[in-house]
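First comes the structure, then the notes that go with it.
Basis for what follows: all heavy atoms, side chains included, without hydrogens, waters or symmetry-related copies. Everything quoted here is computed from the prediction, not taken from an experiment.
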Amino acid sequence: MGDVLVSVIGGYNVINGSLNLGNFQAIIQYVRMFNAPFTQVMGIMNTMLSALASAERIYTFLDVEEIKEFGTESLNPKDVKGHITFNNVDFAYVPGSPLFEKVSLEVPEGQQFAIVGSTGAGKTTLVNLLMRFYEIQDGKILLDHKNTKNYDSNELRKAFAMVLQDTWLFEGTIFENIAYGYMPDAHTSLDAVPKDEVIKAAKMARADHFIEQLPDQYDTILTDGGANISQGQRQLITIARALIKKAPITILDEATSSVDTRTEVLIQEGMKELTENNTSFIIAHRLSTVRNADKIIVMDKGSIVEMGTHEALLDANGLYKAMYTSGET
């Protein structure tokens with residue numbers, strides 16, 4: 001604003017002849033030199049305010065109480081059958097504002113359950129409670145008829161393989177990124193993971209078709225975060241990493257959101273192969289890709305409002321059919 005004002009007044013005086021052009025240019029330069037320290041001070045002030053806001057968040061995080069560990073028992077994933085029970089579960093992120101109230105659910109071992117619903121319905125919360133990322137206020141969550149609170153949380157999570165919408169890949173080969181989920185012995189390197197296991201997981205995740213087209217195939221080096229491949233390809237690799245773990249329970253939380261519908265259907269078929277012996281949960285917005293699940297759970301505002309097969313839910317003429325016919329497919 002100051003430069004504009006000086007330019008207008010100075011230009012007027014130059015036109016009238018009361019100020020020559022050289023002095024006018026000098027005045028503009030002096031004004032800029034005069035404003036420079038104030039601009040630097042304002043920049044420093046903005047940096048300080050950003051630092052204070054960041055510090056507030058850091059201290060808020062540090063002040064959060066540590067999650068109390070209730071269980072001490074260990075768990076052998078090979079002994080887990082995958083039968084899951086939610087028994088009158090109550091949960092609230094904020095005390096006094098419950099999300100789940102008396103939620104009950106029975107998931108037989110070896111079945112594929114799909115969870116659908118609008119944003120904020122509690123789909124992700126349901127599986128987060130299962131893995132004890134949050135502790136419930138009341139009720140019980142049972143794994144093979146045993147309370148999950150009896151297990152150390154790190155031990156409990158050995159029974160799960162989870163793939164999120166946000167992918168994570170480290171700098172290394174595609175082989176190493178998939179093999180990372182194999183859970184080898186602590187003293188064994190990733191190179192010791194059998195290559196046939198990696199290839200099998202990639203085929204089940206439908207990632208083998210693009211990997212084999214790369215010049216170095218499974219030896220292709222991924223930059224940090226996998227920036228040198230597409231988002232959909234990154235998701236396929238993370239799904240393969242989960243599958244190679246061979247956990248008794250697999251969770252895909254919007255894990256196929258960046259792949260096309262046809263590829264997602266193929267992945268579902270691969271997941272179906274797993275559920276012959278494993279339990280799986282699939283959270284998805286595209287309803288057309290979960291129609292082959294053994295059961296579909298429909299959630300709304302923290303409650304399970306419907307449950308059944310794709311055909312049964314359409315015949316019920318309820319929320320699922322309304323979502324399906326409204327284009328949420």
Next item on the list: Mind jotting down which residue pairs meet the ring pair (Phe, Tyr, Trp, His ring centres under 6.0 Å) criterion with at least one end in residues 141-167? Sequence neighbours excluded, please.
Entry: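 Every ring pair (Phe, Tyr, Trp, His ring centres under 6.0 Å) pair that includes a residue of residues 141-167, provided the two are not neighbours, is His83-His145.
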
Next item on the list: Could you note down all residue pairs passing ring pair (Phe, Tyr, Trp, His ring centres under 6.0 Å) where residues 121-141 supplies at least one of them, sequence neighbours left out?
Entry: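 For residues 121-141: Phe91-Tyr134, Tyr93-Tyr134.
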
[X] versus [Y]: any side-chain heavy-atom pair under 4.5 Å?
| X | Y | result |
| --- | --- | --- |
| Ile136 | Lys149 | yes |
| Asp216 | Ile221 | no |
| His209 | Leu236 | yes |
| Tyr218 | Ile211 | yes |
| Ile84 | Leu143 | yes |
| Val107 | Phe281 | yes |

Which heavy atom of [X] sits nearest a heavy atom of [Y], and at what distance?
| X | Y | value |
| --- | --- | --- |
| Val80 | Ala159 | CG2-CB, 4.2 Å |
| Ile141 | Leu130 | CG2-CD1, 3.9 Å |
| Gly308 | Leu313 | O-CD1, 3.7 Å |
| Ala242 | Val163 | CB-CG2, 3.3 Å |

Margin query: Within a 6.0 Å radius of atom NZ on Lys200, are there more than 12 heavy atoms belonging to other residues, nucleotides or ligands?
Written below: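 Counting neighbours around NZ of Lys200, 12 or fewer heavy atoms of other residues, nucleotides or ligands fall under 6.0 Å, so no.
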
Do any pairs count as a salt bridge (charged side-chain N to carboxylate O under 4.0 Å, His left out) and have a residue in [range], sequence neighbours left out, and if so which ones?
| range | result |
| --- | --- |
| residues 118-133 | Glu69-Arg132, Arg132-Glu135 |
| residues 94-105 | Asp90-Lys102, Lys102-Asp138 |
| residues 306-326 | none |

Next item on the list: Start with the C-alpha gap between Arg241 and Leu169, add the side-chain angles, then the distance that decides, and say whether side chain to side chain contact (heavy atoms under 4.5 Å, CB included) holds.
Entry: CA-CA 10 Å; Arg241 178 197 293 163; Leu169 298 174; 3.4 Å; yes

Next item on the list: Mind checking salt bridge (charged side-chain N to carboxylate O under 4.0 Å, His left out) for Glu212 and listing every partner two or more places apart, or none if nothing turns up?
Entry: none

Note to self: Just checking Phe170 against Tyr180, ring centres under 6.0 Å apart?
What the structure shows: yes

Notebook entry, point to check: Would Phe210 and Phe175 show up in the same hydrophobic cluster when neighbours are defined by side-chain heavy atoms closer than 4.5 Å?
Noted result: yes

Check: Taking Pro77 as the fixed residue, which of Lys245, Lys246, Lys158 is the one that meets the side-chain contact (heavy atoms from CB on, under 4.5 Å) rule?
Finding: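 Among the candidates, only Lys158 passes.
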
Margin query: One pair to check against side chain to side chain contact (heavy atoms under 4.5 Å, CB included): Tyr320 and Val305. What are the steps and the verdict?
Written below: CA-CA 9 Å; Tyr320 180 82; Val305 294; over 6 Å; no

Item checked: Donor-acceptor contact below 3.5 Å, side chain Glu176 vs main chain Thr173 -> yes

Check: Between Ile304 and Phe86, is a side chain to side chain contact (heavy atoms under 4.5 Å, CB included) present by the stated rule, with each step listed?
Finding: CA-CA 12 Å; Ile304 299 174; Phe86 282 73; over 6 Å; no

